[in-house]
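Notes follow once the structure below has been shown.
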Amino acid sequence: MSAGPADPRWSDWQPLAGYPAVTAEVLAETVDGGQAFRWHAQPDGTWFGQWSEIVATLRLGADGRVAWRCPAGSETRTAAALATYFGTDADFPALTDALPWRTDAHLARCLRDFPGLRILRQPFGETLLGFLCSATKQIVQIKQMQELLAARHGAPVPGTGGAFRRLPTWPELAACTEAELRACQLGFRARYIWETAQFVAARPDWLRETETLPYPEAKDRLLGLPGVGEKVADCVLLFGAGRLEAFPVDVWILKTLGRRYALDGWKPPQLAQFGRAHFGPLAGLAQQFLFAWERRHG
DNA sequence: TATGGACCTGCACAG
DNA sequence: AGAGGCAGGTCCATC
């Protein structure tokens, strides 16, 4: 279903600068653990991913270093886009060290088990689209929706001979019918996405402004969109705007806080408050480690 | 302010 | 093999 990386001519492999050595599991958890929905494991063990007008393949070396390649000719902009996307200018070791792991044995264990795990910085609008699709869906199915949307309603990525398609932009989504969206396996989410598209497409600066507003205001604005509740708003701000204070409470966090922090029976709003109070201003980063750990061990 | 059911539908997983 | 149920949430009606 997805466009394979075999078609165009590819650049040489280049090291992903500023990125730590990681295990295969941590790399998988980073790109395919629920933050992003357009990375696909290839038969040869590489990862093929797309965002915005970027197409890239990732390869993990025996030394744990990540290398990348892209369609020939797009090396410069891909290198810059990768730096943003993987947050290589952010000091994640320092951020992670600032989490309260010294007084939280479970968090310490999560950090130890997923060294190098980090928060991606994805395009804001695409992140919104991805998480509008996510309600009561598993990652595999969300990925199928994204690929159908890209294949049927997204523009070809320039300079790659039409081999790849980007996700539709919000104006492009606004031009679709709800039925067309529904046909991309969106189910009841189609109405949310269609209505959100009408709203956003009529306000050209709205997304860009929302991305840069302080967290509380940005979240309020997102919560006004159909299909965007607390969890989706926090995911969009965490994974699409670098707001590390955003603390999405999904079923995994519900489960892990209940089990590992003796908060069984607490409701999501209470847990969100606990998260902010206990994990502090980088609660969203802590959340990612707890989430990864619970998915593997829970 | 707090529950509970409806909303689409593809697919994992018992039996 | 294939019927019935659930799934990484939100909304709305009804206490």
Side-chain angles (χ1 to χ4, degrees), chain A residues 1-2 28-40 110 114 117 119-120 122 126-149 151-152 173 176-200 219-240 246-261 263-275 283-298:
Chain A
M1 193 83 251
S2 64
E29 191 64 28
T30 303
V31 299
D32 197 28
Q35 298 192 56
F37 304 111
R38 288 202 80 189
W39 286 96
H40 299 270
C110 297
F114 292 89
L117 182 63
I119 302 294
L120 301 175
Q122 304 175 78
E126 292 189 353
T127 312
L128 175 59
L129 177 59
F131 283 95
L132 271 171
C133 294
S134 72
T136 65
K137 282 293 174 190
Q138 312 247 13
I139 293 171
V140 198
Q141 302 177 54
I142 302 168
K143 287 167 70 170
Q144 288 174 5
M145 298 178 195
Q146 306 304 289
E147 293 318 312
L148 281 173
L149 284 168
R152 297 183 182 174
L173 288 165
C176 295
T177 65
E178 188 185 325
E180 287 175 319
L181 297 179
R182 204 165 272 264
C184 295
Q185 303 184 353
L186 298 188
F188 63 79
R189 302 152 200 85
R191 182 169 59 84
Y192 295 152
I193 290 165
W194 190 84
E195 289 176 357
T196 290
Q198 304 310 308
F199 179 93
V200 168
K219 186 166 175 182
D220 276 347
R221 283 171 65 135
L222 288 173
L223 288 175
L225 296 173
V228 177
E230 291 281 333
K231 189 269 181 187
V232 168
D234 275 329
C235 284
V236 174
L237 290 169
L238 181 58
F239 306 132
F247 188 78
V249 178
D250 62 14
V251 298
W252 287 100
I253 293 300
L254 193 72
K255 195 181 300 183
T256 208
L257 291 181
R259 287 178 180 173
R260 320 297 166 196
Y261 292 80
L263 302 178
D264 208 29
W266 286 40
K267 301 286 179 275
Q270 301 175 293
L271 293 174
Q273 191 173 348
F274 169 85
L285 181 59
Q287 175 268 170
Q288 204 57 32
F289 285 92
L290 297 178
F291 178 95
W293 194 93
E294 197 65 34
R295 283 214 318 151
R296 196 225 281 176
H297 297 104

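To find a chain, count down the sequence lines: A is the first, B the second, and so on, and within it residues start at 1.
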Hey, does [X] reach any base, or is it just sugar-phosphate, or nothing, if we go heavy atoms under 4.0 Å?
| X | result |
| --- | --- |
| A:K231 | sugar-phosphate |
| A:G33 | base |
| A:L225 | sugar-phosphate |
| A:G187 | base |
| A:F131 | nothing |
| A:V140 | nothing |

Roughly how many Å apart are [M] and [N], using the [atom1] atom of each and rounding to a whole number?
| N | M | atom1 | answer |
| --- | --- | --- | --- |
| B:dG5 | C:dG5 | C1' | 16 Å |
| B:dT9 | C:dA1 | P | 26 Å |
| C:dC6 | B:dG15 | P | 13 Å |
| B:dA6 | C:dC15 | P | 15 Å |

Nucleotide of B:dT3, B:dG10, C:dT10 approaching A:Q185 most closely (side-chain heavy atoms):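 Of all the options, the side chain of A:Q185 is nearest to B:dG10.
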Selected nucleotide, minimal atom distance to A:Q144 side chain, candidates B:dT9, B:dC11, B:dT3: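 Nearest to the side-chain atoms of A:Q144, counting from C-beta on, is B:dC11.
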[N] [atom2] sits how many Å from [X] [atom1], rounded?
| X | N | atom1 | atom2 | result |
| --- | --- | --- | --- | --- |
| A:L128 | C:dT10 | CG | C1' | 14 Å |
| A:Q141 | C:dA7 | CD | P | 11 Å |
| A:L132 | C:dT10 | CG | P | 9 Å |
| A:L148 | B:dG10 | CG | P | 10 Å |
| A:K219 | C:dT10 | NZ | C1' | 14 Å |
| A:W252 | C:dG9 | CH2 | P | 11 Å |
| A:R191 | B:dT9 | CZ | P | 13 Å |
| A:K137 | B:dC11 | NZ | C1' | 8 Å |

Nearest-nucleotide 5' precedence on DNA chain C, A:P226 against A:Q35: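 The 5'-side residue here is A:Q35.
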If the threshold is 4.0 Å, N to carboxylate O, is there a salt bridge linking [X] and [Y]?
| X | Y | answer |
| --- | --- | --- |
| A:R296 | A:E29 | no |
| A:R191 | A:E195 | yes |
| A:R38 | A:E126 | no |

Atom pair CD (A:Q287) and CD1 (A:I253), whose distance is rounded to the nearest 0.5 Å: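 The CD1 atom of A:I253 is 4.5 Å from CD of A:Q287, to the nearest 0.5 Å.
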Atom pair CH2 (A:W252) and CG (A:L290), whose distance is rounded to the nearest 0.5 Å: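 Output value for this atom pair is 13.0 Å.
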Polar side-chain contact A:R189-B:dC8 base: donor and acceptor under 3.5 Å: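 Yes, a donor-acceptor pair under 3.5 Å.
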Per-pair stack call A:F188 and B:dC8, 5.5 Å, 30°: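 So no, this residue does not stack on that base, at least one cut-off failing.
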Pairing partner (Watson-Crick or G-U wobble, both distances under 3.5 angstrom) of B:dG5: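 Base partner found: C:dC11.
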Side-chain N,O (A:R182) to OP1/OP2 (B:dC8) below 4.0 Å: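 Yes, A:R182 has a side-chain N/O under 4.0 Å of OP1/OP2 on B:dC8.
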OP1 or OP2 of C:dC6 under 4.0 Å from side-chain N/O of A:Q138: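 For C:dC6, OP1/OP2 do not have a side-chain N/O of A:Q138 under 4.0 Å.
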Mutual orientation of the aromatic rings belonging to A:Y192 and A:F188 [parallel < 30°, tilted 30-60°, perpendicular > 60°]: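 Correct class here is perpendicular.
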